[in-house]
Number of protein chains: 2
Amino acid sequence: MANRRASITDLAKQLNLSPSTISRALADHEDVSEATKARVRDLAAALNYQPNQLAAGLRRGRSKMLGVLVPHIIGNFFPQVVHGIATEANLSGFNVMIFQSNEDEVQERKNIELLLNAQVEGILVSVSKSTKSFGHFETLRNNTVPLVFFDRSIEGIEGKSVGAVVLDDYQGAYEVVEHLVAQGCTRIAHFTGGLHLNIHRNRHRGYLDALRAHGLPTDEELTVLCEMSLEGGIQGMQKLLALPQPPDAVFSSIDVAAVGALQVLKHAHIRVPQDVALVGFSNEQFTSFTDPSITSVDQHCELMGRTAVRLLLELIADDPEQPPVQHNIVLKPKLLVRESSLRQPDNSAS
Amino acid sequence: MANRRASITDLAKQLNLSPSTISRALADHEDVSEATKARVRDLAAALNYQPNQLAAGLRRGRSKMLGVLVPHIIGNFFPQVVHGIATEANLSGFNVMIFQSNEDEVQERKNIELLLNAQVEGILVSVSKSTKSFGHFETLRNNTVPLVFFDRSIEGIEGKSVGAVVLDDYQGAYEVVEHLVAQGCTRIAHFTGGLHLNIHRNRHRGYLDALRAHGLPTDEELTVLCEMSLEGGIQGMQKLLALPQPPDAVFSSIDVAAVGALQVLKHAHIRVPQDVALVGFSNEQFTSFTDPSITSVDQHCELMGRTAVRLLLELIADDPEQPPVQHNIVLKPKLLVRESSLRQPDNSAS
DNA sequence: CTGAAAGCGCTAACAA
DNA sequence: TTGTTAGCGCTTTCAG
């Protein structure tokens, strides 16, 4: 048994045809006779021929690959988005190469290079937490390679081949606060992450605006900047309980910190939601499994990934016939009310 | 501003050098003068030159890409493994292409083809649940492309470029049962998934053997085949409670089903762990967050990914100088005792 | 130390 | 309907 992989040239020789005919036959090109096509296909199958994408890509100048750059692939959100990305890309015959920045600007920059080297036709990025300068994205903009940010975007990068798909975090936060107000909460605290990230900034803005709209206090001490971790939530809640006037609701910008808060509250025998209502953000799986289950905001992770790919593909195609595409897509969040914020049990018919 | 990407030929022309010299200079080859190297590097930087991996790969016959084929990238386990894979691969200068079978054998087969087309140098697979025939893997074996299974492996595929990294599910299950016995449980039930998957089969075997070793009943009714979902756990627990002689412990092959069981038990005012102890498998994040928290078995997901990559790279290198590598690696699981199975609170000094 | 030449496997004018 | 030719961008002998 021959072991080297068969090439178009091999097929051509064995069938006394030219490589071009083979190529056309395999591509089911219309001006190849059915008879020839059949012969080619049969031999290809017999030799277990595998087309070489590298060669085809090089020749065509189109690799059929997309690059994905995420902070990491752990937790709930990014895996789900990546799942959506991979699924949607494959649907259009694109393969996906994935890199992780590990929330590090240097790695992010290096990975962008690697993706460019791999000749990806477009890049999907969610910006690292630590990224403070954006030269590497600026470079990309001049580089023919379309770019779509998702979730964590950066402002100020515009261009006809740059886009973004983000969640309306502002609105999500706004709705959370309105819900809490409807539940009778009047002193609502907020856990936030670093405000240089658009997601936390927008959630914080939504939180403040909603409070103001309802004439509720926006004391600075009610906004707690904390590590976005279980531990961070624990510390944040302890800080809030130590306040002369503790809150009767906490809206955390991240679910896991809400769990930390819940643990502290239970430990202190403070009832949730009766004494303190609790809301997270992201609809992580565990929010359904805690006791009480935690109200959260769904981000449509998979949809975000799919939408980002569709946008990117449009930017790649850049069809001048088509109407110009919307470069900034904002997805609407969905508030999922669970036990941790529901004071009137029978509220379903409202 | 020129917009096309600069190539080695471009650099060569601008510097009046041959492409070979440029290539060597960029590779920091030793027989290029420092002066020349410097000139080349400077111009490369100025033109923002990006090496074309496709071309280099084609020429070298080495793509520097690895293929990953997983059932999906959702939940806790696969994302973490993929994280480990990507991290470890990047460390060795390999890029990673990811495909999902969506637990479907047809897609699995197609994706293997796609990976081959993409000229990956090796493939990492976790077999789809529905895969019942293994021709596509057999084909691979003859195809020069090394293959490493992880977690969900299949028996009977051997060869010098095939390997597997799995968890010792048998031992994990065995330890779970021993722990439950030590806690005083005498009638231990088990939730299992489809037994054609090695993981469930081995966990089930470990469960049975441990029971026998302790002279405990292994009644068939104590093994419940259920959907590996929350709903599945709920139904499974209901079935167990309806038994004439219900169990005093449940060991679920999957964490999420343990949560379902927990919900049923709480609802029926049966105390966990006093009346029924509960153990899961996989150490999903939410097992720490339920109340009580759920004892589980950690699978070292990230380590599994990294180990699989290291094995694959060794198979790819296939260095005849080196001692032959161990093709089947078994990772030891780690039992994490939490509240759901701990009847003696102060047990830490044992 | 540098250059010339060939070719990885494929595709796409252009010819026949 | 098929063949000829050239070349994508790079690396690597082999020759200077």
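Chain naming here is simple, since letters A, B, ... match the order of the sequence lines and numbering starts at 1 in each.
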Inset, instruction - Assign A:L17 to base, sugar-phosphate, or nothing according to its heavy-atom contacts below 4.0 angstrom with the strands shown. - result: sugar-phosphate
Inset, instruction - Look at all strands and tell whether B:L58 reaches a base, only sugar-phosphate, or nothing, counting heavy atoms closer than 4.0 Å. - result: base
Legend entry - Sole candidate of B:V165, B:V166, B:V125 that passes side-chain contact (heavy atoms from CB on, under 4.5 Å) when paired with B:F149: B:V125
Legend entry - B:K64 NZ - D:dT11 P separation (whole Å): 13 Å
Legend entry - Rounded interatomic separation in angstrom, taking CG from A:L26 and P from D:dT2: 13 Å
Legend entry - Minimum-distance nucleotide (side-chain atoms of B:R59 versus C:dC8, D:dG3, C:dC10): C:dC8
Legend entry - Any A:T9 side-chain N or O less than 4.0 Å from OP1/OP2 of C:dC10: no
Inset, instruction - Looking only at side-chain atoms of A:V32, point me to the closest of D:dT11, C:dA4, D:dT2. - result: D:dT2
Inset, instruction - Report yes if at least one side-chain N or O of B:T36 is closer than 4.0 Å to OP1 or OP2 of C:dT2; otherwise report no. - result: yes
Inset, instruction - Would you indicate, yes or no, if C:dT11 has its OP1 or OP2 atom less than 4.0 angstrom from a side-chain nitrogen or oxygen of A:S23? - result: yes
Inset, instruction - Starting from the 5' end of DNA chain C, give me the residue, A:P51 or B:P19, whose nearest nucleotide shows up first. - result: B:P19
Legend entry - Candidates C:dA12, C:dT11, D:dC10 - which lies nearest the side chain of B:A56: D:dC10
Legend entry - Side-chain N,O (B:T21) to OP1/OP2 (C:dT2) below 4.0 Å: no
Legend entry - side-chain contact (heavy atoms from CB on, under 4.5 Å) partner of B:K37, chosen from B:L26, B:V32, B:T21: B:V32
Legend entry - Interatomic distance where CZ belongs to B:R39 and C1' belongs to C:dT2 [whole Å]: 12 Å
Inset, instruction - Give the rounded distance in Å between these two atoms: CZ of A:R24 and C1' of C:dC14. - result: 11 Å
Inset, instruction - Report the residue (B:S20 or B:L54) whose heavy-atom-nearest nucleotide on DNA chain D is the more 5′ of the two. - result: B:L54
Legend entry - Residues that B:R306 engages under salt bridge (Lys or Arg N to Asp or Glu O under 4.0 Å), provided they are two or more places apart: B:E88, B:E302
Legend entry - Euclidean distance, atom CG of residue B:N52 to atom P of D:dC8 [Å, nearest integer]: 12 Å
Inset, instruction - Return no unless some side-chain N or O of A:S18 is found under 4.0 Å from OP1 or OP2 of D:dG3. - result: yes
Inset, instruction - Identify which nucleotide among C:dC10, D:dG9, D:dT12 has an atom closest to any side-chain atom of B:R60, counting heavy atoms from C-beta outward. - result: D:dT12
Inset, instruction - Decide, yes or no, whether a salt bridge links B:E105 with B:K110 under the criterion of side-chain N to carboxylate O below 4.0 Å. - result: no
Inset, instruction - Tell me what A:D31 touches on the nucleic acid: a base, only sugar-phosphate, or nothing, going by heavy atoms under 4.0 Å. - result: base
Legend entry - Whether B:N198 side chain and B:D151 backbone form a donor-acceptor pair below 3.5 Å: yes
Inset, instruction - Find the distance A:R62:CZ to C:dA12:C1' and express it as a whole number of Å. - result: 15 Å
Inset, instruction - Rounded off to whole Å, could you give me the NZ-to-P distance for the A:K13 and C:dG9 pair? - result: 10 Å
Inset, instruction - Look at the side-chain N and O atoms of B:S33 and state whether any lies under 4.0 Å from the OP1 or OP2 oxygen of C:dT2. - result: yes
Inset, instruction - Give B:N117 one of three labels, base, sugar-phosphate or nothing, depending on what nucleic acid heavy atoms sit under 4.0 Å from its own. - result: nothing
Legend entry - Pairing residues for B:H300 by the ring pair (Phe, Tyr, Trp, His ring centres under 6.0 Å) criterion, not counting sequence neighbours: none
Legend entry - Interatomic distance, A:R5 CZ vs C:dG9 P [rounded to whole Å]: 10 Å
